[in-house]
Amino acid sequence: MSITSEAELTGLQLISAAVASTLRQMREYAQPGMSTLELDEYGGSLLTAMGARSAPRLTYGFPGWTCISVNQEVAHGIPSARKVLQEGDLVNIDVSAEMGGFWADNGGSFVLGADLHNHRPLVDASRQILRTAISRIRGGVRIADIGGLIDAEARKAGFRVIKNLVGHGVGRSLHEEPSEIPCYYDRHNLKRFKKNSVVAVETFISTRASLAHQLNNDGWTLATKDGSFVAQHEHTLVVTDGQPIILTADNRIWD
């Protein structure tokens, strides 16, 4: 989507604030002993109260309001009463929704409680790399160059990137052009960021693996085959000639 009016920007700001607030409050609400289903239902109640509709439910019939992935799960984790959070878990929450014809997407990984398994360096790397990547995005910048930056920063920190999960355009639907904003340099991707376009930029930073696979029979959950851990962080933003406008800043994933 390319923003052409103040009304469009306002609509995007409203839905972005809704998903950002939901992500932040879900992260604060999570605690050991709670099931991911309970956490998801809390998120669903927040979205509903603001008049927002879950994007994965609306678009794909996903069996949850939000995606909650734990430990070796990378993305698209289905909330479950059988999945109980534990102290020290690596938890990822991805919240996307629609309201008034506008769509926004954001996500973040965090360590639940005490960092018993030393996941925090991975989480911190993912957060910082996203911050660095977003600071370099301008109208006219090649998407491949931002992917190369993310990959280089990950390797500098002693990690790798997941290559088959990507950021994307967003705004009037959940996934729009540009269809792929990868975390690595793809020399075949000749597209550039366009001024006034709306994109969801995300990092997938891994301890070892480079690919995520559908390992479960649930048709959704992605994980690494070698047991690697992955941290993800994501913002929806508007591309400008200068620093991007981060529409989901209220999620406070950088705090």
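At least one side-chain heavy atom of L122 sits under 4.5 Å from a side-chain heavy atom of I205.
Between F102 and G11 the shortest heavy-atom distance is CD1-CA, 3.6 Å. Considering all non-hydrogen atoms of both residues, R127 and D255 come closest at NH2-O, 2.7 Å. Heavy atoms only, all atoms of each residue included: S54 and G64 are closest at OG-O, 3.8 Å.
In summary, the side chains of T4 and E8 do present a donor paired with an acceptor at a separation below 3.5 Å, with no hydrogens or angles considered. Between the side chains of N106 and T248, no donor-acceptor pair is found at a separation under 3.5 Å. A donor atom on one side chain and an acceptor atom on the other are found under 3.5 Å apart for Q25 and S21.
For T224, the side chain to side chain contact (heavy atoms under 4.5 Å, CB included) criterion is met by V74, I162, A209, D226, S228, V230, not counting sequence neighbours. Listed by chain and residue number, H119 satisfy the side chain to side chain contact (heavy atoms under 4.5 Å, CB included) test with H117 (two or more places apart in sequence, or in another chain).
Here CD1 of I129 is found 10.5 Å from CG of D124. Values are rounded to the nearest 0.5 Å. Distance check: K225 NZ to L211 CG gives 9.0 Å after rounding to the nearest 0.5 Å.
The existence of a salt bridge linking R172 and E98 is excluded, since no basic side-chain nitrogen approaches an acidic carboxylate oxygen closer than 4.0 Å. A salt bridge links K191 to E177: one of the charged nitrogens lies within less than 4.0 Å of a carboxylate oxygen.
Between the side chain of S45 and the main chain of Y42, a donor-acceptor pair closer than 3.5 Å is present. A donor-acceptor pair under 3.5 Å is absent between the side-chain atoms of S210 and the main chain of K163, judged by distance alone. In terms of modelled atom types and a separation under 3.5 Å, the side chain of D40 and the main chain of W65 share a donor-acceptor contact. The main-chain N or O of A154 is never found under 3.5 Å from a side-chain atom of R160 such that the two would form a donor-acceptor pair. Of the possible donor and acceptor atoms, none in the side chain of R24 sits under 3.5 Å from a partner among the backbone N and O of N251.
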Stepwise side-chain hydrogen bond (donor to acceptor under 3.5 Å, both in side chains) check, D105 with H168:
CA-CA 10 Å; D105 194 356; H168 51 88; 3.1 Å; yes
Y29 vs E38, test: side-chain contact (heavy atoms from CB on, under 4.5 Å). Steps then yes/no.
CA-CA 10 Å; Y29 186 73; E38 182 181 349; 3.7 Å; yes
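With a 6.0 Å cutoff to the six-membered ring centre and a 45° limit on the axis angle, R138 does not count as a cation-pi contact of F193. A cation-pi arrangement is present between R131 and W254, with the terminal nitrogen or guanidinium carbon under 6.0 Å from the aromatic centre and inside a 45° cone about the axis.
Among pairs with a residue in residues 196-209, those fulfilling side chain to side chain donor-acceptor pair (under 3.5 Å) read S126-T203, E202-Q232, at least two apart in sequence or across chains.
The aromatic rings of F62 and W220 sit perpendicular to each other, their planes meeting at more than 60°, with 30° as the lower class boundary.
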